[in-house]
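The structure under discussion appears below in the form of structure tokens.
In the text below, chain A, chain B and the rest are named by the order of the sequence lines, each starting its count at 1. Small disclaimer: the values here were computed from a predicted structure and weren't measured.
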Amino acid sequence: MRDLHRAVVGWFADEARDLPWRDPACSPWGILVSEVMLQQTPVVRVLPVWREWMERWPHPADLAAEPAGEAVRAWGRLGYPRRALRLHAAAAVIAREHDGELPDTEESLLGLPGVGGYTAAAVAAFAFGRRAAVVDTNIRRVHARLVGGEALPAPSLTADERRLAGELLPDDDAASVRWNAAVMELGALVCTARSPRCDACPVAGACAWRAAGEPPPSYVPKGQAWHGTDRQVRGAVMAVLRAASRPVPRGFFDGPTNADAAHSGSVGIELARLHALAAGPEQLERAVAGLLADGLAVERPGGLALP
DNA sequence: GACCCGTGGCG
DNA sequence: TCGCCAAGGGT
């Protein structure tokens with residue numbers, strides 16, 4: 001196992017991407033923001049938005065002092081805007097209950113909105129240097145191939161995977177942090193889901209999946225439907241609200257019979273997109289109701305708006 | 001465990 | 001072109 005660690009960490013030292021949240025000067029808050037933004041969103045799309053957030057809200061209290069809608073608007077098109085809402089809620093908890101400083105243990109981090117098992121471990125490790133088993137999709141895939149001999153990890157995280165991650169984790173704090181980051185990076189750059197670059201892999205010689213002749217996945221991942229779904233319409237409604245600087249009358253969401261032209265510029269464009277997309281008034285109503293229930297939209301005197 | 005939640009780039 | 005995929009979390 002020593003050889004495995006040395007090979008992967010050595011590779012990481014040479015090939016790691018120079019990401020701003022890996023700067024030793026990056027604050028724990030900056031690392032938390034990056035981790036939440038990176039949930040299901042590629043690095044290249046996160047970078048510019050993360051920089052804006054750090055400049056605008058360098059401390060949790062700065063974000064907590066603003067309406068949640070500002071976080072949602074600044075989230076832009078990263079997707080899953082409820083993450084912005086939860087990050088804002090987390091900032092409020094940190095400001096109110098932790099004197100504005102991030103808690104530094106996995107257990108306490110887990111108490112923050114939007115922070116689950118992965119993010120709590122990642123922040124404990126990368127922001128505070130603690131020994132924590134980080135298990136994300138990259139690490140799961142590397143473990144599945146390298147140790148399990150399978151093309152892909154199980155559909156959902158299993159107890160066996162948690163146990164394996166703990167067993168592979170070096171005892172030393174600093175070494176464990178490097179190991180977590182290195183395996184994650186290996187999965188992101190080399191041991192990728194679709195076409196792994198085994199020729200560039202530092203541990204190809206030890207890979208159980210290669211040794212087994214690279215067998216195909218034992219199951220077929222079910223793709224998530226998108227075209228024509230309520231999710232797509234919710235996204236289009238959110239685009240309208242982000243573009244609007246004042247409440248948008250509810251009637252404008254009911255259908256294209258209303259004067260889209262009443263809103264000029266980007267709001268009008270997003271309204272037209274929404275109306276072209278929605279299957280009918282019932283789907284629009286369903287989408288709006290869902291957003292209201294989730295707190296991503298609120299009723300204002302003039303209509304619908306960000307919270 | 002099943003299901004829901006956005007978005008855009010790439011093979 | 002179109003399905004797959006990306007540093008998950010909550011219910």
Between C/dT11 and B/dT7 - C1' atom distance, rounded Å: 23 Å
P spacing across the pair C/dA7 / B/dC4, given as an integer number of angstrom: 23 Å
Test: A/Arg56 and A/Glu70 ion pair at under 4.0 Å: yes
Sugar-phosphate only, base, or nothing, as touched by A/Arg17 at under 4.0 Å among non-hydrogen atoms: base
Rounded distance in Å - CZ (A/Arg82) to C1' (C/dT11): 9 Å
Whole-Å distance separating the CD atom of A/Gln40 from the P atom of B/dT7: 14 Å
Sugar-phosphate, base or nothing in reach of A/Gly79, heavy atoms under 4.0 Å: base
A/Arg141 side chain vs A/Gly187 backbone, donor-acceptor pair below 3.5 Å: yes
hydrophobic_cluster_shared for A/Val288 and A/Tyr80, side chain cutoff 4.5 Å: no
Sugar-phosphate, base or nothing in reach of A/Thr137, heavy atoms under 4.0 Å: sugar-phosphate
Upstream residue (5' side of DNA chain C) when A/Met184 and A/Leu110 are each assigned their closest nucleotide: A/Met184
Of the listed nucleotides C/dA6, C/dA7, C/dG9, the one nearest the side chain of A/Ala188: C/dA7
Touch class at under 4.0 angstrom, heavy-atom based, for A/Gln224 against every strand present: base
Distance test, side-chain N/O of A/Arg83 to OP1/OP2 of C/dG10, below 4.0 Å: no
Protein-nucleotide distance (A/Leu157, atom CG; B/dC3, atom P), rounded to Å: 19 Å
Backbone of A/Pro215 reached by a side-chain donor or acceptor of A/Trp209 within 3.5 Å: yes
Gap between atoms CG and P, on A/Leu38 and B/dT7 respectively (whole Å): 17 Å
A/Trp226 side-chain proximity, nearest of B/dT7, C/dA6, C/dC4: B/dT7
Separation between the C1' atoms of C/dC5 and B/dG6, rounded to whole Å: 13 Å
Aromatic ring pairing A/His143/A/Trp179, orientation class (parallel under 30°, perpendicular over 60°, tilted between): parallel
Shortest side-chain distance from A/Arg77, nucleotide among B/dG8, C/dA7, B/dG6: B/dG8
Whole angstrom value for the distance that separates C1' of C/dA6 from CG of A/Leu152: 14 Å
Residue mapping more 5' on DNA chain C - nearest nucleotide basis, A/Thr41 or A/Gly117: A/Thr41
A/Arg45 CZ to C/dC5 P, straight-line distance once rounded to whole Å: 16 Å
P gap between C/dG9 and B/dG8, integer Å: 23 Å
Sugar-phosphate, base or nothing in reach of A/Leu291, heavy atoms under 4.0 Å: nothing
Sugar-phosphate, base or nothing in reach of A/Trp21, heavy atoms under 4.0 Å: base
Distance in angstrom units between A/Ile139 CD1 and C/dG8 P, rounded: 10 Å
Check ion pair A/Glu185-A/Arg22 (N to O, under 4.0 angstrom): yes
Sugar-phosphate, base or nothing in reach of A/Pro81, heavy atoms under 4.0 Å: sugar-phosphate
Sugar-phosphate, base or nothing in reach of A/Thr119, heavy atoms under 4.0 Å: sugar-phosphate
Side chain of A/Arg86 - closest among C/dG10, C/dA7, C/dC4: C/dG10
Touch class at under 4.0 angstrom, heavy-atom based, for A/Ala193 against every strand present: sugar-phosphate
Salt-bridge contact A/Asp230-A/Arg286 (side-chain N to carboxylate O under 4.0 Å): yes
Protein-nucleotide distance (A/Glu185, atom CD; C/dA6, atom P), rounded to Å: 14 Å
Sugar-phosphate, base or nothing in reach of A/Ser156, heavy atoms under 4.0 Å: sugar-phosphate
A/Asp230 vs A/Arg273, nearer the 5' end of DNA chain B by closest nucleotide: A/Asp230
Sugar-phosphate only, base, or nothing, as touched by A/Arg231 at under 4.0 Å among non-hydrogen atoms: base
